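Since the model is a prediction, treat every value here as computed from it, not as a measurement. So that the names make sense, note that chain A is the first sequence line, chain B the second, and so on, each numbered from 1.
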Number of protein chains: 2
Amino acid sequence: MNTPTNSSLLKGSLSVMILRLLEDRERMYGYEITQKVKELTAGEMAITEGALYPALHKLEAEGLLTTETQLVDGRARKYYSLTKTGQTEAAGRIAELAAFLENLNLVLNLKPSL
Amino acid sequence: MNTPTNSSLLKGSLSVMILRLLEDRERMYGYEITQKVKELTAGEMAITEGALYPALHKLEAEGLLTTETQLVDGRARKYYSLTKTGQTEAAGRIAELAAFLENLNLVLNLKPSL
DNA sequence: TTTTTATACCTAAGACTTGTAGGTATGTAA
DNA sequence: TTACATACCTACAAGTCTTAGGTATAAAAA
C-alpha cells in the first residue's frame, strides 16, 4: 500500500465529503469511508481517523446523521446514514462547496497541465 | 455593492491564491488583492482583511514575499512581490492544491448542474 | 461644513478543523 | 507469536479563518 501524497486536507472539506458519500449510499461506517476515499483517489488522499470520527460525531450531533451499530464477524460496526434533515443540508452544503470551488478556480486560473 | 455569498474560505486556500495572483503580476498591495478577488469572482468571494494581512505577513516571514512601501496620493501602499524562493515555492504549492482539488472532485463526483 | 464612503494599513480574541499520537479490541495471516 | 487489517475512540497542539475592532487620508455626498 503506497503512502498518500496528500497528507493534509483543506479544512472544511471533510464533512462535505462525508455528506456527499452518504448521498449515494444507504449507509457507511467510519472505516469504510477511509477506504472508499483511498479507493476513489487511487491512494492519493487519506482521511485520518483523528479527523473522521470527531467529524462524524459532530454531524450526528447536528442531526444530519443517525447511527445503528451492528456486529459483523465479532467486530462492532457503527453505520451512519443521512437523516431527512441531513439530506436537505447535504444538498445545500455540497452546492456551497461547489460554488466555492468554481470561484477558487476563477482566482487560480489554472492552466491545463496535462 | 452586493454582499458576497461565500463568506467563508476553505482554510488553506488563501495563501495559495495570493501566490497565484503574484505569479502573474510584478507586485500587488493588500487592498488591491481584495479588490482583484472580488472582480475575478463577480463579487461572490470576499477576502477578509483579518485573514489577508496575517497571511501576507506570514508569507513574507517565510521568505516567499518581499515588500516595498510607497506613498500614493497621500496614502501608504505596501507592495508585495514574489522572491526567487517564492517563485519556486508558489509553483509547488499551486500544484499541490491543484492535485488536492482533483482528488476532491473524485470524491465529490459532482454532476454538472448547469 | 460635516458626514459618509472608499482607500489602505493593522491586531486581538475566539471558533473551528485537522494532524499527530496515542488507546482498546478482534480476526487473520505470516 | 507476532504482525497486520479491521474497527472504534479521545486528547492535545497547530494552524487558519471570522468577527470585531482600531488608525488614517482623500473624495464624495449631504
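Phosphate contact (OP1/OP2 of dT7(C), side-chain N/O of R75(B), threshold under 4.0 Å): absent. Taking only side-chain nitrogens and oxygens, H57(B) comes nearer than 4.0 Å to OP1 or OP2 of dT11(C). Contact annotation: K11(A) does not reach the phosphate of dG19(C) (side-chain N/O to OP1 or OP2, under 4.0 Å). An OP1 or OP2 oxygen of dT18(C) is reached within less than 4.0 angstrom by no side-chain nitrogen or oxygen of T48(A). OP1 or OP2 of dT7(C) sits under 4.0 Å from a side-chain N or O of Y31(B). OP1 or OP2 of dT16(D) has at least one side-chain nitrogen or oxygen of K58(B) nearer than 4.0 Å. The side chain of Y53(A) contributes no N or O atom lying less than 4.0 Å from OP1 or OP2 of dT10(D).
Backbone-only engagement by S13(A) is indicated by non-hydrogen atom pairs under 4.0 Å involving sugar-phosphate atoms exclusively. Within 4.0 Å of E32(B), counting heavy atoms only, lies no atom of the nucleic acid at all.
Rounded to whole Å, the distance from CZ on R93(A) to C1' on dC16(C) is 13 Å. The interatomic distance linking L52(A) (CG) with dC8(D) (C1') rounds to 10 Å, in whole Å. Nucleotide dT16(D) holds its P atom 13 Å from the CG atom of L56(B), rounded to whole Å. Here dG15(D) presents its P atom at 10 Å from CD of E62(B), a figure rounded to the nearest Å. Rounded to an integer number of Å, the gap from CG of L10(A) to P of dT18(C) is 9 Å. Remark: C1' of dT7(C) and OH of Y79(B) are 12 Å apart, rounded to the nearest angstrom. Going from atom CD of Q35(A) over to atom P of dA5(D) covers 10 Å, rounded to whole Å. In this entry the distance linking CZ of R77(B) with C1' of dA24(D) reads 15 Å, nearest Å.
In this structure, L97(B) and L110(A) have side chains that are not in contact, with every pair of non-hydrogen atoms separated by 4.5 Å or more. Counting only heavy atoms from C-beta outward, the side chains of I94(A) and L108(B) never approach each other to under 4.5 Å.
Scanning both residues, S13(A) and L10(A), for their nearest heavy atoms gives OG-O, 2.6 Å. Considering every non-hydrogen atom in both K78(A) and Y29(A), the closest pair reads O-CB, 3.2 Å.
When distances run from any side-chain atom of E49(A) to the nucleotides dC17(D), dC8(D), dG19(C), the shortest one goes to dC8(D). With dT10(D), dC8(D), dC17(D) as the candidates, the nucleotide lying closest to the side chain of L14(B) is dC17(D).
Both G12(B) and G50(A) sit near DNA chain D, but only G50(A) has its closest nucleotide nearer the 5' end. Where D73(A) and S15(A) each meet DNA chain C at their nearest nucleotide, the meeting point lying more 5' is that of S15(A).
Between E96(B) and R93(B) there is no salt bridge, since no side-chain N of the basic residue sits under 4.0 Å from a carboxylate O of the acidic one. Salt-bridge formation is not detected for the pair R77(B)/E32(B): no Lys NZ or Arg NE/NH1/NH2 atom is positioned less than 4.0 Å from an Asp or Glu carboxylate oxygen.
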